Amino acid sequence: MVVKNKKIAIIGGGPGGLTLARLLQQKGVDVTVYERDAGRFVRVQGATLDLHDNSGLKALKEAGLMEAFKKYYRPGADKMRIADQYGNLVYDQHNEPDNMADFGHEHFRPEIDRGPLRDLLLDSLRPETIVWDSHITALEKEKGIWKLVFQNGKTETADLVIGADGANSKIRPYLTTIRPFYSGITVVEGNLYEAAEKAPRIYEMVKGGKVFAFGNQKSLIVSAKGDGSLSFYTGCKTQETWVRDSGIDFKDSQSVATWFRTEFSDWDEIWMELFATEGTSFIPRPQYCMPLDQTWKARADSTLIGDAAHLMPPYAGEGVNMAMLDALELSNCLTGTDFLDIEEAIAHYEKQMRKRASEIAKMTLEQTEALHSENAISHMLELFKE
């Protein structure tokens with residue numbers, strides 16, 4: 001095992017970083033996760049996630065967490081309905097038999113809320129593994145060892161630093177200067193609590209699962225969560241600087257509602273239910289993607305997983321799954337017996353990871369374009385015929 005007697009720091013406590021920590025701890029590796037959140041309960045976790053058999057679920061199986069997952073996942077939440085901009089349903093998985101809804105079937109993609117997934121991963125780690133309130137600001141090399149500098153003034157050391165810190169990774173610039181490019185789509189994400197009361201028609205339409213609505217080169221995706229809320233996000237073609245130039249105060253729900261009513265003026269009034277509640281929080285997210293041909297020289301002291309390595313838009317549902325598969329493959333490289341040293345192990349991991357990510361990113365960009373075209377509904381219906 002090339003990381004024997006090495007101290008490993010994982011930057012970022014998302015699904016990828018936590019999965020990696022669990023897998024490494026199973027092999028007796030000294031690993032610490034540094035997470036910028038002040039504590040476990042300070043931030044509401046986002047939308048539901050569908051885990052895939054050959055990636056996210058595969059990692060959980062290797063981590064010995066499938067039984068815990070089965071306690072937390074939400075049966076039926078994977079059921080999808082497709083609607084046009086007027087609220088007319090054109091496809092409904094609720095009307096189909098559940099002949100693929102079993103673990104081990106390659107097309108079964110069970111849904112779990114981000115919060116419960118994070119909880120089961122956190123609970124699988126030793127209590128001292130996570131160091132909260134650890135917003136990293138810099139890495140410094142001292143006598144061959146990394147010195148980690150945090151915003152709160154604290155410092156730590158590590159032999160190997162793994163960036164699992166997402167789209168705006170502070171670790172990535174230490175490995176490569178390659179930057180992501182804008183995909184042409186900006187998302188406005190929202191979360192509506194007490195949805196049965198505040199958005200009854202949409203709540204009924206979602207039916208505990210999710211609704212994908214398309215019209216006039218725009219998208220609106222709504223997902224039910226186990227706490228009774230609805231997580232949703234619009235997708236529109238915009239300039240890269242639209243968030244800054246729009247003049248919208250995204251902290252003011254009425255400002256966002258006014259924008260939606262104007263931008264989606266040719267959509268049915270039913271969709272306004274999602275924006276009509278005072279105080280609903282919104283986050284604009286321009287969608288970026290890493291270049292499909294990116295590469296960098298492997299190092300023995302640092303590497304990347306998840307969005308830090310291969311950021312891409314969400315329209316193929318691969319982000320978390322890719323991060324968890326990264327964690328599995330990197331763990332196997334670092335704890336196996338196939339490599340002579342850490343640099344060789346990381347080089348093998350990164351080569352395979354970039355190849356896989358490039359293929360998925362290409363498919364994701366094609367899907368992103370298709371879902372924001374005039375033929376979005378036809379495209380989706382063709383996918384479900386395959």
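In this text the structure is predicted, and so the values were computed from the model without any measurement. Residues: numbered from 1 along the sequence shown.
- For Leu304 against Ala309, the heavy-atom pair with the smallest separation is CB-CB, 3.7 Å.
- Salt-bridge formation is not detected for the pair Glu96/Lys79: no Lys NZ or Arg NE/NH1/NH2 atom is positioned less than 4.0 Å from an Asp or Glu carboxylate oxygen.
- Under the 4.0 Å criterion applied to side-chain N and carboxylate O atoms, Arg22 and Asp123 are not assigned as salt-bridge partners.
- For Asp249 and Lys251, the salt-bridge test fails: no basic side-chain N is under 4.0 Å from an acidic carboxylate O.
- Lys71 and Glu67 are not joined by a salt bridge, as no carboxylate oxygen comes within less than 4.0 angstrom of a charged side-chain nitrogen.
- Taking each heavy atom of Thr368 and Pro313 in turn, the nearest pair found is OG1-CB, 3.7 Å.
- Under a 4.0 Å N-O distance rule, the pair Arg40/Asp119 qualifies as a salt bridge.
- Between Val29 and Thr335 there is a side-chain heavy-atom pair separated by less than 4.5 Å.
- A salt bridge links Arg74 to Asp113: at least one charged side-chain nitrogen sits closer than 4.0 Å to a carboxylate oxygen.
- Between Asp53 and Lys61, at least one side-chain N (NZ, or NE/NH1/NH2) sits under 4.0 Å from a carboxylate O, which counts as a salt bridge.
- Relative ring orientation between Trp267 and Phe264 is described as perpendicular, the plane-to-plane angle rising above 60° on a 0-90° scale split at 30° and 60°.
- One side chain, Glu111 or Thr48, offers a donor N or O that lies under 3.5 Å from an acceptor on the other.
- The pair Glu350-Arg354 counts as a salt bridge, with a side-chain nitrogen and a carboxylate oxygen less than 4.0 angstrom apart.
- Taking CD1 of Ile185 as the reference point, atom NZ of Lys218 lies at 10.5 Å (rounded to 0.5 Å).
- In terms of heavy-atom proximity, Asp266 sits nearest to Gln85 at O-NE2, 2.8 Å.
- The two residues Ser134 and Phe150 make their nearest non-hydrogen contact at C-CD2, 3.5 Å.
- Between the side chains of His310 and Gln294, not a single donor N or O lies within less than 3.5 Å of an accepting N or O.
- With 3.5 Å as the limit, one finds no donor-acceptor pair spanning the side chains of His348 and Asp338.
- Checked by atom type, the side-chain pair His379/Ser373 shows no donor-acceptor distance below 3.5 Å.
- Ser253 and Thr280 get closest at one heavy-atom pair: CB-O, 3.5 Å.
- Here Asp30 does not pair with Lys7 in a salt bridge; the nearest charged N to carboxylate O distance is not below 4.0 Å.
- With 3.5 Å as the limit, one finds no donor-acceptor pair spanning the side chains of His135 and Asp133.
- Salt-bridge check for Lys237 with Glu369: passed, with a basic side-chain N closer than 4.0 Å to an acidic carboxylate O.
- With hydrogens and angles disregarded, no donor-acceptor distance shorter than 3.5 Å links the side chain of Asp159 to the backbone of Lys6.
- Between Leu330 and Leu23, every side-chain heavy-atom pair lies at or beyond the 4.5 Å cut-off.
- Taking the charged nitrogens against the carboxylate oxygens, Arg201 and Glu273 do have a contact shorter than 4.0 Å, which makes a salt bridge.
- With salt bridges taken as basic N to acidic carboxylate O contacts below 4.0 Å, one links Lys141 and Asp301.
- Ring pair Phe232/Phe282 is perpendicular by interplanar angle, where above 60° counts as perpendicular and below 30° as parallel.
- For the residue pair Tyr182 and Thr238, a side-chain donor N or O sits within less than 3.5 Å of a side-chain acceptor on the partner.
- A side-chain donor from one of Glu374 and Gln217 sits under 3.5 Å from a side-chain acceptor of the other.
- With hydrogens and angles left out, the side-chain atoms of Asp227 and Ser229 include a donor and acceptor closer than 3.5 Å.
- Closest non-hydrogen pair, Leu292 versus Ser358, comes out as O-OG, 2.8 Å.
- Under a 4.0 Å N-O distance rule, the pair Glu269/Arg261 qualifies as a salt bridge.
- Side-chain contact check for Tyr203 and Glu194: no donor-acceptor pair (N or O, by modelled atom type) lies under 3.5 Å.
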